[in-house]
Amino acid sequence: MTTDSTVLSKIVEEKSDFVNDQTIMEKYAKDEKFGNKYLGGQNPYGIFASGVSSVSLANQSAYDQGCNEEFQNAMTDYFAGKATYEEALQTFYNKITAKYPDIKAE
């Protein structure tokens with residue numbers, strides 16, 4: 001699925017995602033008719049494509065995905081009005097402490 005150019009192109013067109021295929025993203029970056037509806041029809045992919053080669057994963061850790069997921073989950077309640085910012089942040093800290101006991105909040 002993530003190597004099929006038809007599927008990846010559909011993801012770009014329908015979800016406005018930047019997919020992991022340089023050829024496809026360069027095609028959309030150069031397409032003057034392609035635009036993102038959330039940006040009023042502007043095409044951000046030229047900027048994205050030009051910067052992708054300088055992305056460094058040197059600071060990536062084994063904790064990144066879990067922290068991102070738990071932060072998004074905790075903040076969902078805040079954005080839905082089901083928790084205050086402080087409550088959502090505390091939920092995040094609690095989940096991370098349980099998931100990664102070796103990490104200490106400071």
Side-chain angles (χ1 to χ4, degrees):
M1 182 172 123
T2 59
T3 59
D4 183 290
S5 61
T6 303
V7 171
L8 292 173
S9 293
K10 189 174 181 179
I11 290 170
V12 173
E13 292 172 13
E14 294 180 4
K15 303 292 183 192
S16 299
D17 282 348
F18 192 93
V19 298
N20 193 17
D21 186 297
Q22 186 174 356
T23 304
I24 290 173
M25 293 318 305
E26 286 176 1
K27 176 185 93 171
Y28 285 101
K30 294 175 183 174
D31 186 348
E32 294 179 12
K33 296 179 182 176
F34 182 75
N36 182 306
K37 67 181 178 180
Y38 299 106
L39 298 175
Q42 294 179 35
N43 185 345
Y45 298 111
I47 293 169
F48 296 162
S50 68
V52 75
S53 62
S54 65
V55 171
S56 171
L57 301 177
N59 294 321
Q60 186 176 15
S61 77
Y63 305 109
D64 288 359
Q65 182 172 349
C67 288
N68 286 334
E69 290 170 354
E70 293 301 346
F71 188 75
Q72 290 174 4
N73 290 339
M75 288 298 133
T76 296
D77 285 343
Y78 168 66
F79 290 120
K82 297 178 181 175
T84 66
Y85 176 77
E86 291 76 17
E87 290 168 338
L89 200 55
Q90 189 59 54
T91 296
F92 167 68
Y93 291 147
N94 294 344
K95 294 284 187 172
I96 292 304
T97 301
K99 186 177 271 194
Y100 304 118
D102 55 316
I103 294 179
K104 303 293 181 216
E106 294 185 24

Acceptor/donor pairs from residues 8-19 side chains to any protein atom, 3.5 angstrom cut, sequence neighbours excluded:
| residue | atom | partner | partner atom | Å |
| --- | --- | --- | --- | --- |
| Ser9 | OG | Ser5 | O | 2.9 |
| Glu13 | OE2 | Tyr28 | OH | 2.4 |
| Ser16 | OG | Asn36 | ND2 | 3.3 |

> Is there a side chain to side chain contact (heavy atoms under 4.5 Å, CB included) between Met75 and Tyr85 once you walk through the steps?
Replying inline: CA-CA 8 Å; Met75 288 298 133; Tyr85 176 77; 4.2 Å; yes
>> If you apply the rule side-chain hydrogen bond (donor to acceptor under 3.5 Å, both in side chains), what do you find for Asp102 with Tyr63, and how did you get there?
In response: CA-CA 11 Å; Asp102 55 316; Tyr63 305 109; 2.5 Å; yes
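Contact record, Ala49 with Ala29: CB-CB, 4.1 Å, taken as the closest heavy-atom pair. In this structure, Gly66 and Ile96 approach most closely via the heavy-atom pair O-CD1, 4.1 Å. A pairwise comparison of heavy atoms in Asp4 and Thr6 identifies OD1-N, 2.9 Å as the closest pair. Of all non-hydrogen atoms in Ala62 and Tyr100, the two that sit nearest each other are O-OH, 4.1 Å.
Looking only at side-chain heavy atoms (C-beta outward), Gln90 and Lys95 stay at 4.5 Å or farther from each other. Using a 4.5 Å cut-off on side-chain heavy atoms (C-beta onward), Met25 and Tyr45 make contact.
For Asn94 and Thr91, the side-chain atoms include no donor-acceptor pair closer than 3.5 Å.
In this structure, CD in Gln65 is found 11.0 Å from CD in Glu70, a value given to the nearest 0.5 Å. Annotation: the span from Ile47 atom CD1 to Gln42 atom CD amounts to 8.5 Å, rounded to 0.5 Å. The CD atom of Glu26 lies 15.0 Å from the CZ atom of Phe48; values are rounded to the nearest 0.5 Å.
Judged by distance alone, with hydrogens and angles left aside, the side-chain atoms of Asp77 form no donor-acceptor pair with the main-chain N or O of Ala74 at under 3.5 Å.
The environment of CG in Asp31 is crowded: more than 12 heavy-atom neighbours from other residues, nucleotides or ligands sit within 6.0 Å.
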